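Lettering follows sequence order; numbering is per chain, from 1. None of these values were measured; they are calculated from a predicted model.
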Amino acid sequence: MTLTRRSMLTLSAGAAVVTAFGLRAGPAFASAEDAMAKITDFAGGTEPQMGTISLTAPEIAENGNTVPVSVSVDSPMTEEDHVASVAIYADGNPNPEVITFNFTPMSGEASATTRMRLAKTQNVIAVAKTSTGAVFMDKKEVKVTIGGCGG
Amino acid sequence: MAKVKPRVKVPKSAAAGDVITIKTLISHPMESGQRKDKEGNPIPRKIINSFTCEFNGQTVFSCDIEPAISANPYLEFTAKVDEAGTFKFTWVDDDGSVYSDEQEIALK
């Protein structure tokens, strides 16, 4: 995406509106409650425990268009006890879902890396579900300098 | 539109039981459906919505991808290798196109 004069003007106008009226301007962003509702759905009624899963994301992302993010879960990855899936959510994006990784015992380890878009400074949440029914989560706040939704 | 080209990096060989890291990248705009063109009309969503990695016909890893994944989606994951064989990678586009790639791996 290139910053043209027009988009710069729109951006600064938008910023002015935000300053004037608080956070009422801009497209309909998902709220933290939306993200929580999705997480509860994904967890299937189990209360997620902190720990076991670790989420790695930069503290400050200069460009919200490509934010590297990786997850890894401590698990023996056997047929009886393995991580079935890990979902990543961003609670300030227009849609909170980011990606869902589905692992199998053949994955060897429950770890994956990708690059995501973040519209603004927000929490990134990773939730893991194991074959035994346990649910783990980890949360990181990522500060975004330039948003990645190209409004 | 630029041609969609998958690129995959798999080690040439591994010892039996090794856990290897696989890196994939596919050139794709991943149009989120949130952006607007110059006239203010929304640009329709066009993303790769799922990815699967199979080893000798068995699924190793798969994922469901949402518009929040960056353009040219990059994925890095692991696989446990017990035998020589072929990894097959498949990406599915919103418009139904399927892109795929295959890589062989030998035992040390």
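Hydrophobic clustering of Ile, Leu, Val, Met, Phe, Trp and Tyr side chains at less than 4.5 Å, counting indirect connections, keeps Val92(B) apart from Val4(B). No path of Ile, Leu, Val, Met, Phe, Trp and Tyr side chains, each step under 4.5 Å between heavy atoms, connects Val127(A) with Val71(A), placing them in separate hydrophobic clusters. Under a hydrophobic-cluster definition in which Ile, Leu, Val, Met, Phe, Trp and Tyr are linked whenever side-chain heavy atoms come within less than 4.5 Å, directly or via other members, Val124(A) and Val135(A) are assigned to different clusters. Under the 4.5 Å side-chain heavy-atom criterion for Ile, Leu, Val, Met, Phe, Trp and Tyr, Leu118(A) and Ile69(B) are members of the same hydrophobic cluster. By the rule that hydrophobic residues join a cluster once side-chain heavy atoms approach within less than 4.5 Å of another member, Val144(A) and Ile125(A) end up as members of separate clusters.
When side chains are defined from C-beta on, Asn72(B) does not count as touching Arg115(A), because their heavy atoms never get closer than 4.5 Å. When side chains are defined from C-beta on, Asn102(A) counts as touching Asp64(B), because their heavy atoms get closer than 4.5 Å. The closest side-chain heavy-atom distance from Met30(B) to Arg117(A) is below 4.5 Å.
Looking at Phe55(B), both its backbone and its side chain come within 4.5 Å of chain A, counting heavy atoms on both sides. Contact of Ile20(B) with chain A is not made at all, since no heavy-atom distance falls under 4.5 Å.
Remark: the backbone N or O of Met116(A) is paired with a side-chain donor or acceptor of Ser70(B) at under 3.5 angstrom. A donor-acceptor pair under 3.5 Å is absent between the side-chain atoms of Ser107(A) and the main chain of Ala79(B), judged by distance alone. Thr104(A) places no side-chain N or O within 3.5 Å of a backbone atom of Phe61(B) that could act as its donor or acceptor partner.
Heavy atoms of other residues, nucleotides or ligands lying less than 6.0 angstrom from CD of Glu62(A) number 12 at most. By the 6.0 Å contact criterion, CZ on Arg45(B) is enclosed, its count of non-hydrogen atoms from other residues, nucleotides or ligands being greater than 12.
The greatest number of non-hydrogen atom pairs below 4.5 Å with chain B, out of Ile88(A), Thr66(A), Val98(A), Val69(A), is found for Val98(A).
Interatomic distance, Glu66(B) CD to Thr100(A) OG1, rounded to the nearest 0.5 Å: 6.5 Å.
Nearest heavy atom pair, residue Pro94(A) against residue Gln34(B), reads CB-NE2, 3.4 Å. The two residues Val19(B) and Glu109(A) make their nearest non-hydrogen contact at CG1-OE2, 3.9 Å. The two residues Met106(A) and Thr59(B) have their closest heavy-atom pair at SD-O, 4.3 Å. Residues Tyr74(B) and Thr114(A) approach most closely at O-OG1, 2.7 Å, considering heavy atoms.
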